[in-house]
Amino acid sequence: MLDIRLIREQPDFVKSRLATRGGEDAAKIDEVLRVDAERRKTETVLQQCNADRKRLSKEIGAKRATGEATEEIEARVREIGEEVARLNEQTSAADEQQRELLLGIPNLPHANVPAGKDANDNPVVRSWGEKPELKDPLDHVALGTKLKLFDLERAAKLSGSGFICFTGPGARLERALIQFMLDLHTREHGYLEMSPPFLVRRECMIGTTQLPKFEEDMYGLEEQQLFLAPTAEVPVTNYHREEILAASELPKKFVAYTPCFRREAGSAGRETRGILRVHQFDKVELVKITTPETSYAEHESLTADAERVLQLLGLHYRLIELCTGDLGFGSAKTYDLEVWSPGQNAYLEVSSCSNFEEFQASRMNLRFKDADGKNRFCHTLNGSGLALPRLFAALIETYQRADGSIAIPEKLQPYFGADEIR
RNA sequence: GGUGAGGUGGCUGAGUGGUCGAAAGCAGCGCUUUGCUAAAGCGCCGUACCCCAAACGGGUACCGAGGGUUCGAAUCCCUCCCUCACCGCCA
């Protein structure tokens, strides 16, 4: 969340940066300032009362020791006590209100993020490879059905629409991709592999900004007060929550494969054909915890690490930068990686690489000790490396052959154990 | 799930109602002594927040979390969370 001190000291700057996102957050800033001023006023009075009570209580102790009467002071302290209780309630209510307001205000876009209204204004940063030349390519649903790589109808029988059941060579290809990506990131890019819990506490979901704003998109277990993680970002970034790390151990680089659970409320009809938008999918996720000084360099290298997957698999892609109006709630800067899908005749988002700066760290109280011994918030970053179903779709569509079989890219063959599917 | 023990500062560990934000030791930082190493002595050494133009200034809160009792709670009571041990159940 945003630093209340920054809001206090430079409200106009904060408002103008938020305005580039296109929302109406200026009113929230005014509201939070009002609550903050009120809160500090009562807090000062409260602290004065507490000081009085503390002093007088000690006096009672001293007088009792010498046998002096204390009834009068006791009565006074009791009065102050009532006042304290009242003010206490007021301050903690204001505290809570302030935190709630702050949790609902999005991050400031980094100064160099291109201004824009929506996805149409996202500039292409670079692209790699070429669109494959295919005559009447089948899309992944046709291919997958024909070669029995997955079964969407039977998956719906199990869990409803929006679920996939990979089968036979499809299941094996999925697993091969996961293994391939984990090996690449751990062996060549220096990430530490994690296999975290998939169910997480509410505080974690607040820490990485899924809550409180996007609760309707999350699956939760009401009774147990746990949520199904919509991405490994949640358990992995929160791994060090409430900790003070040594500057020397930063940056920390984690890679984790997990299933991801998303309700996708309100997205019915959009990109819902086949396996492109589902309620449960697998993903390999990259997470970094860094110092503020290095986070943007680490952001570039994290993005490059994700791109490497597509390069090694020989899949055409482009990298776009999200403009201010399209930026996610907690992000200061984001690159989206889009792979080419011959079947859709479109680019599919397979990774979103973001630098959250201290937005998440402040929510989860994740800090490090700097060279001067001061505790400062870390910066957190993450990006998919990559999301499986769309990668799967782009891969089988790109490598389909005229005879209906699918070639397996060379780098993947050792993992898949064959050079084609037919 | 049951029973029992426990959760105090970076660590170890005292503290069972008053002057305790908390003894002591270790680690860390600074200074002094010393030919070097070692050792010794002295001092500093938690976090968050509030007031102040600012300070090596003043203040409040925090002893797992939240409530309660009391003039006053690390200390007493209740609820919850977590850790450990044993038992039960289980992949």
Side-chain angles (χ1 to χ4, degrees), chain A residues 1-10 32-103 195-207 211 220-227 235 238-250 252 259 358 360-378:
Chain A
M1 58 192 162
L2 297 183
D3 186 347
I4 185 63
R5 275 168 298 195
L6 177 69
I7 296 176
R8 213 140 64 195
E9 283 156 25
Q10 303 182 55
V32 91
L33 281 170
R34 193 185 58 72
V35 172
D36 178 56
E38 193 62 30
R39 194 200 94 240
R40 285 189 297 159
K41 218 161 69 189
T42 45
E43 189 167 333
T44 303
V45 181
L46 168 68
Q47 291 187 353
Q48 187 52 51
C49 285
N50 263 327
D52 290 345
R53 177 165 76 162
K54 204 167 156 181
R55 184 172 44 79
L56 290 172
S57 286
K58 280 181 185 175
E59 226 172 89
I60 292 171
K63 291 206 165 168
R64 286 219 177 140
T66 61
E68 288 177 71
T70 57
E71 287 81 2
E72 216 172 289
I73 309 183
E74 276 182 41
R76 262 175 69 203
V77 176
R78 204 170 294 133
E79 264 173 46
I80 297 174
E82 281 163 22
E83 183 71 358
V84 164
R86 199 178 60 77
L87 290 167
N88 232 330
E89 217 164 289
Q90 251 182 52
T91 359
S92 45
D95 267 345
E96 201 178 314
Q97 196 186 356
Q98 181 172 323
R99 183 173 164 80
E100 262 166 40
L101 284 167
L102 285 173
L103 286 178
S195 183
F198 307 154
L199 294 172
V200 293
R201 295 173 185 279
R202 174 171 224 102
E203 303 92 87
C204 293
M205 297 284 277
I206 291 173
L211 295 182
L221 301 171
E222 197 80 17
E223 202 175 331
Q224 286 79 13
Q225 283 285 299
L226 289 171
F227 292 84
N238 278 283
Y239 186 68
H240 287 294
R241 79 189 334 271
E242 306 276 349
E243 292 187 31
I244 300 173
L245 304 171
S248 60
E249 42 182 343
L250 300 178
K252 285 194 173 270
E358 60 173 51
Q360 296 184 327
S362 63
R363 289 175 163 231
M364 59 180 81
N365 203 19
L366 165 60
R367 293 170 294 174
F368 75 101
K369 209 171 264 297
D370 72 11
D372 300 325
K374 284 195 65 170
N375 297 331
R376 296 162 62 198
F377 288 124
C378 298

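All values derive from a computational prediction rather than experimental measurement. Just so it is clear, the values below take in all heavy atoms, side chains as well, and ignore hydrogens, waters and symmetry mates. Just so it is clear: chains get the letters A, B, ... in the order the sequence lines come, proteins before strands, and each one is counted from 1.
C56(B) and U47(B) have their P atoms separated by 14 Å, given to the nearest Å. Spacing between G59(B) and C76(B) at atom C1', rounded to whole Å, works out to 29 Å. Annotation: G64(B) and C71(B) have their C1' atoms spaced 28 Å apart (nearest Å). When the C1' atom is compared between G15(B) and A22(B), the two are found 8 Å apart, to the nearest whole Å. Between U3(B) and G88(B), the two P atoms lie 15 Å apart (nearest whole Å). Distance noted for atom C1' between G7(B) and U12(B): 15 Å (whole Å). Only the P atoms considered, U70(B) is 39 Å distant from G57(B), to the nearest whole Å. Taking the P atom of each, G68(B) and A74(B) are spaced 15 Å apart, rounded to whole Å.
The shortest side-chain heavy-atom distance between Gln98(A) and Leu101(A) does not fall under the 4.5 Å cut-off. Proximity of Leu366(A) to Arg241(A): side-chain heavy atoms (C-beta onward) are nowhere separated by under 4.5 Å.
Phosphate proximity of C20(B) to Lys58(A): absent, as no side-chain N or O sits under 4.0 Å from OP1 or OP2. Neither OP1 nor OP2 of G18(B) sits under 4.0 Å from any side-chain N or O of Arg53(A).
Salt bridge status for Glu43(A) with Arg40(A): absent, with no side-chain N to carboxylate O gap under 4.0 Å. Under the 4.0 Å criterion applied to side-chain N and carboxylate O atoms, Asp95(A) and Arg99(A) are not assigned as salt-bridge partners.
One interatomic measurement links the two molecules: CG of Asp95(A) to C1' of G66(B), which rounds to 15 Å at whole-angstrom precision. Computed from coordinates, the Lys374(A) NZ to C45(B) P distance equals 17 Å when rounded to whole Å. Taking atom NZ of residue Lys369(A) and atom P of nucleotide C45(B), one finds them 14 Å apart after rounding to whole Å. Atom-to-atom, CD of Gln98(A) to P of C49(B) comes out at 11 Å; the value is rounded to the nearest Å. Distance CG (Leu87(A)) to P (U60(B)): 15 Å, rounded to an integer number of Å. As a whole-Å value, the separation of Asn88(A) CG from C50(B) P is 16 Å. Ile80(A) places its CD1 atom 13 Å from the P atom of C71(B), with the value rounded to the nearest Å. In this structure, CZ of Arg363(A) is placed 20 Å from P of A48(B), rounded to the nearest angstrom.
Closest to the Glu74(A) side chain, of the nucleotides C51(B), C71(B), G21(B), is C71(B). For Ala51(A), taking side-chain heavy atoms from C-beta onward, the closest of the listed nucleotides U60(B), C50(B), U19(B) is U60(B). For Gln47(A), the listed nucleotide lying nearest its side chain is G59(B); candidates were C71(B), G21(B), G59(B). Distance from the side chain of Ser57(A) is smallest for C71(B) among the nucleotides U60(B), C49(B), C71(B). With U60(B), C71(B), U47(B) as the choices, the nucleotide that has an atom nearest any side-chain atom of Asn375(A) turns out to be U47(B). Of the listed nucleotides (C71(B), U47(B), G21(B)), U47(B) has the atom at the smallest distance from the side chain of Arg367(A).
In terms of position along RNA chain B, the nucleotide closest to Lys41(A) lies nearer the 5' end than the nucleotide closest to the other residue of the pair Asn50(A) and Lys41(A). Between Arg39(A) and Ile73(A), the residue anchored nearer the 5' end of RNA chain B, judged by the nucleotide with its closest heavy atom, is Arg39(A).
Remark: the Arg64(A) side chain and the G18(B) base include a donor-acceptor N/O pair separated by less than 3.5 Å.
Nucleic acid contact class of Arg8(A) (heavy atoms, under 4.0 Å, all strands): sugar-phosphate only. When heavy atoms are screened at a 4.0 angstrom cut-off, Arg55(A) is found touching no nucleic acid atom at all.
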- prompt: In dot-bracket, 5' to 3', how would RNA chain B read with Watson-Crick or G-U wobble pairs under 3.5 Å, [ ] for crossing ones and | for pairs to another strand?
  reply: ((((((((.[[[..)..(.....]]].(((((.......))))).((((((.....)))))).[[[[[..)....]]]]])))))))....

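Counting heavy-atom neighbours within 6.0 Å of Glu89(A) CD, excluding the residue itself, gives a total of 12 or less. By the 6.0 Å contact criterion, CD on Glu96(A) is open, its count of non-hydrogen atoms from other residues, nucleotides or ligands being 12 or less. Counting non-hydrogen atoms of neighbouring residues, nucleotides and ligands closer than 6.0 angstrom, the CZ atom of Arg86(A) exceeds 12 such neighbours.
Exactly one of Glu358(A), Arg363(A), Gln360(A) qualifies for a side chain to side chain contact (heavy atoms under 4.5 Å, CB included) with Met1(A). That residue is Arg363(A).
In the model, Thr70(A) has a side-chain atom that pairs as donor or acceptor with a side-chain atom of Glu74(A) under 3.5 Å.
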